[in-house]
Amino acid sequence: MKQSERDAAHWLERMLQVGVFVLLGVPLLNTPQLYYSYSSAKAFALMGMIQLLVIGYAWLVYVRPSKAPRLGPVGIALSIFVALVLVTGALGVDPSLSFWGSLDRHSGGFMWLHLLALFVVVCGLFRPEADWLKLLHVSTGMAVVIAVIQLLHLSGIDVAYAAANGSTIGNSSFLGAYLLFHIFFALLIAIRAQATASRWYGFGTATFLLGTLSLSTAYAALISTIGGLVLLGGLLLVVSPSIGRRRVGIAGLIVLTLTTVGVIASTFQPGSFIHQTFTELSSSSRLIIWDHAWQGILERPGFGWGAETFQIVSLNHYDPCFGSALCGYEMWVDRAHNKLLDVWIEMGVLGLVSYLSILGIALWGLYRGVRNKNIKAPIAAVLTAIFAAHFVQNLTILDIPVVLVMWVLTLAMVETLVTDERKSSPAYGRWFAVVPILVTVGAVMLFTKGVLPSIEGTAAVVDASNATTGEERIAAYRTAVTSGKIGIDDRRVYMANQTGAVIWSVDEQTLEQILPLVMVELDLATEALNDTIDNSPNPLRAWIDLGLLHHARAHFIDPAAYADAERVLLGAIEQNPLHPQAYWELASVYLDQGRVDEALALTGFIREVSPGVSNAHLFHVLALTFDEDQEALDIAIVEALDVHPNLSTKIEELLDSDRQALLYQLYL
């Protein structure tokens, strides 16, 4: 290689490493201009930056073949897992959702392809330990910034677009998982630091981040981190030259293992202190959700349901407890909140085995590396503690892309440690120039055809809300419900709901003035929701909002649409016989038509099957206000207040509301 080519390769490699450092700043991103700003901004940035890194890396390999990918056991295991994500998604109940993913989670096959690409690039760029130390310094520095933002927020000082208890990450659980990784990253720096300043930086950063974590409500992450630190201490004692210390370490590890197993077992024992504590911290819904997950696993044990499809399983096994205080007031559940169950239900038993094999192979590689004296024992101990702490934490929570990036980086670190350096560079002919060209063209097409339209569609949701003219709103509205595949169903449901809210909230004179624009919105939303319904196995949210639109059209524009509203909502009820929302919406349609007895039958049924849901009582009272039976209304109010005393103010407001407001109340 000529000197000029060596210099070009050197600078390209350094630029790509800087690109990875910049990528580590993605957790700081929050863009209010995007719908689901906490998750979508980060996910889209990760996709775009990874694609740029892949292009640059392909050209680096062309000019410096020694930097070619060299996947070892960990990389092969991760590749198999990603392949299974794609295959099980294609064979699942909603292939499009499983590949493109939702706006909230971004954990479909498309994102996993990017994470695998990041793994390959990082393994090629960061080989010497010194490179990894630089990366760890940058990443922990970003974590310190995020922790400072969180502490300032808790002190009442907002310096960034941050969520309460979640800094720029979104919520406390995700912040906790992010900090968990960086506490151990900081310890890696301290253990391997040559300079005293770096050592103090490592220990100081770990202490600071642990303190920040302790001030959050991320209890699973905090307990898992403490357990990981105990595990780390035990492992360091086990590899100590002192026999006494080794015995103490072994005893400590045995106690830690038994304690962990005992706590997990006690969680499922009703009446135990651990069970009671877990229920208080997470609500009873978590155990019910896990039961739903298990039922879903039994229904499709082979290849699972596909990525991002747990909400379908949850709806199929809906429990009337949902929506009550006992179950955390939540009626919509899109994850099992247990990594093993999430993987199992999405990818079947093969997916679960594949996921566990990644961890097993990584840990086995660390063990062999220490035994063969290729890896320093303290480094292997810290990496083992990271995997263990993250694994235990994930028994009660889920992963998001910024946390998965940390997991992938940790796997890549292990891969570079356990895989031998290539002694000679591969020989490529001139034909190899085609590869970086194809990679460049492919990445550009992937961004322009896959990522960019989804960014435009996600931004259009906010643009439609902020539009100053009707024409601007319609243009943004059309983009929001048609552009891009990532999270398109989320966008359609949200936009349809907004359209319904606008129609029901304006006065008749205003509605008459904006009627041409309203009709365009109604048609756009209706067509989009019908497309979602046609391609989804249980699109309850789409059915509900389509029922809302048909009812709005019937009430204000065309009475013939009452039949459409009834048809849609009856279909939703048929597939979801215990979920209350479609019943309440259909009751509104019936009340609007004067079919009070039928409406009362619907609201009364939900009150009986979901007595713990306050709205079940409130909406039955609402329906009774359309009846002439004052005695029945009084009895229902007494019964509602007996179960839910806090409803008194809402009932008073309800009794003072006009009929149109009451009809729309059933949609909220």
Side-chain angles (χ1 to χ4, degrees), residues 1 5-24 49-50 52-79 115-140 181 184-185 188-189 191-194 198 358 361-370 372-380 382-384 386-387 405-428 432 435-436 439:
M1 180 184 295
E5 292 177 343
R6 286 196 294 269
D7 291 343
H10 172 78
W11 285 108
L12 178 56
E13 181 179 359
R14 291 293 175 262
M15 288 175 60
L16 290 172
Q17 288 181 342
V18 171
V20 175
F21 296 157
V22 173
L23 182 143
L24 296 174
M49 294 175 72
I50 290 172
L52 286 174
L53 288 171
V54 168
I55 292 174
Y57 181 63
W59 286 103
L60 175 64
V61 172
Y62 173 66
V63 298
R64 181 175 285 180
S66 62
K67 289 295 178 179
R70 36 190 178 278
L71 294 183
V74 177
I76 293 172
L78 181 61
S79 300
L115 293 172
L116 178 60
L118 177 64
F119 176 90
V120 173
V121 170
V122 170
C123 284
L125 293 175
F126 295 85
R127 298 298 298 185
E129 188 175 300
D131 286 344
W132 279 109
L133 286 174
K134 292 176 185 177
L135 185 146
L136 294 177
H137 273 90
V138 174
S139 194
T140 53
F181 275 95
F184 290 101
F185 286 173
L188 275 175
I189 293 173
I191 289 174
R192 296 306 298 158
Q194 300 296 322
S198 293
I358 297 173
I361 290 171
L363 294 176
W364 176 250
L366 290 172
Y367 168 74
R368 290 191 61 186
V370 172
N372 297 333
K373 298 183 179 180
N374 295 325
I375 304 174
K376 299 293 184 181
I379 298 296
V382 175
L383 292 170
T384 299
I386 292 177
F387 288 125
V405 165
M406 299 302 120
W407 186 68
V408 166
L409 290 178
T410 308
L411 289 173
M413 200 182 315
V414 173
E415 181 81 313
T416 57
L417 290 173
V418 303
T419 303
D420 293 334
E421 285 276 4
R422 181 173 293 146
K423 295 181 180 180
S424 60
S425 301
Y428 296 130
F432 190 73
V435 174
V439 169

Can you name the side-chain contact (heavy atoms from CB on, under 4.5 Å) partners of [X], sequence neighbours left out?
X	result
L115	M111, W112, L404, V405, V408
V54	I50, A117, V121, V439
L135	V20, F21, L24, F126, W132, L409
V18	V22

Residues in ring pair (Phe, Tyr, Trp, His ring centres under 6.0 Å) contact with F119, at least two apart in sequence or another chain: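 Listed in chain order: nothing, the list is empty.
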Set of ring pair (Phe, Tyr, Trp, His ring centres under 6.0 Å) partners for F185, sequence neighbours left out: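 Only H182 meet the ring pair (Phe, Tyr, Trp, His ring centres under 6.0 Å) criterion with F185.
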Gap between atom [atom2] of [Y] and atom [atom1] of [X] - 0.5 Å precision:
X	Y	atom1	atom2	value
S66	L60	OG	CG	8.0 Å
L366	T384	CG	OG1	5.0 Å
T140	I189	OG1	CD1	3.5 Å
M413	I379	CE	CD1	8.5 Å
L116	L411	CG	CG	11.0 Å
I76	L78	CD1	CG	11.0 Å

Partner residues of R368 under the side-chain hydrogen bond (donor to acceptor under 3.5 Å, both in side chains) criterion, sequence neighbours left out: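 Here no residue qualifies.
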By side-chain hydrogen bond (donor to acceptor under 3.5 Å, both in side chains) - contacts of W407 (at least two apart): none
N374 and V418, any side-chain heavy atoms less than 4.5 Å apart: no
Side chain proximity check, V120 to S79, heavy atoms < 4.5 angstrom: no
Which atom of [X] lies closest to which atom of [Y], heavy atoms considered:
X	Y	result
M49	G19	CE-O, 4.0 Å
A362	V414	O-CG1, 3.8 Å
L12	G56	CD2-O, 3.8 Å
V370	A380	CG2-CB, 3.4 Å
I361	P73	CG2-CB, 3.5 Å
S198	A193	CB-CB, 3.5 Å

Whether Y57 side chain and L118 backbone form a donor-acceptor pair below 3.5 Å: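 Checking the backbone N and O of L118 against the side chain of Y57, no donor-acceptor pair under 3.5 Å is found.
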Any donor-acceptor N/O pair, E415 side chain to L71 backbone, under 3.5 Å: no
Test side chain to side chain contact (heavy atoms under 4.5 Å, CB included) applied to V63 and W59, step by step: CA-CA 6 Å; V63 298; W59 286 103; 5.8 Å; no
Test log, rule side chain to side chain contact (heavy atoms under 4.5 Å, CB included), inputs L125 and K67: CA-CA 7 Å; L125 293 175; K67 289 295 178 179; 5.7 Å; no
Evaluation steps, side chain to side chain contact (heavy atoms under 4.5 Å, CB included), between L383 and L417: CA-CA 11 Å; L383 292 170; L417 290 173; 3.7 Å; yes
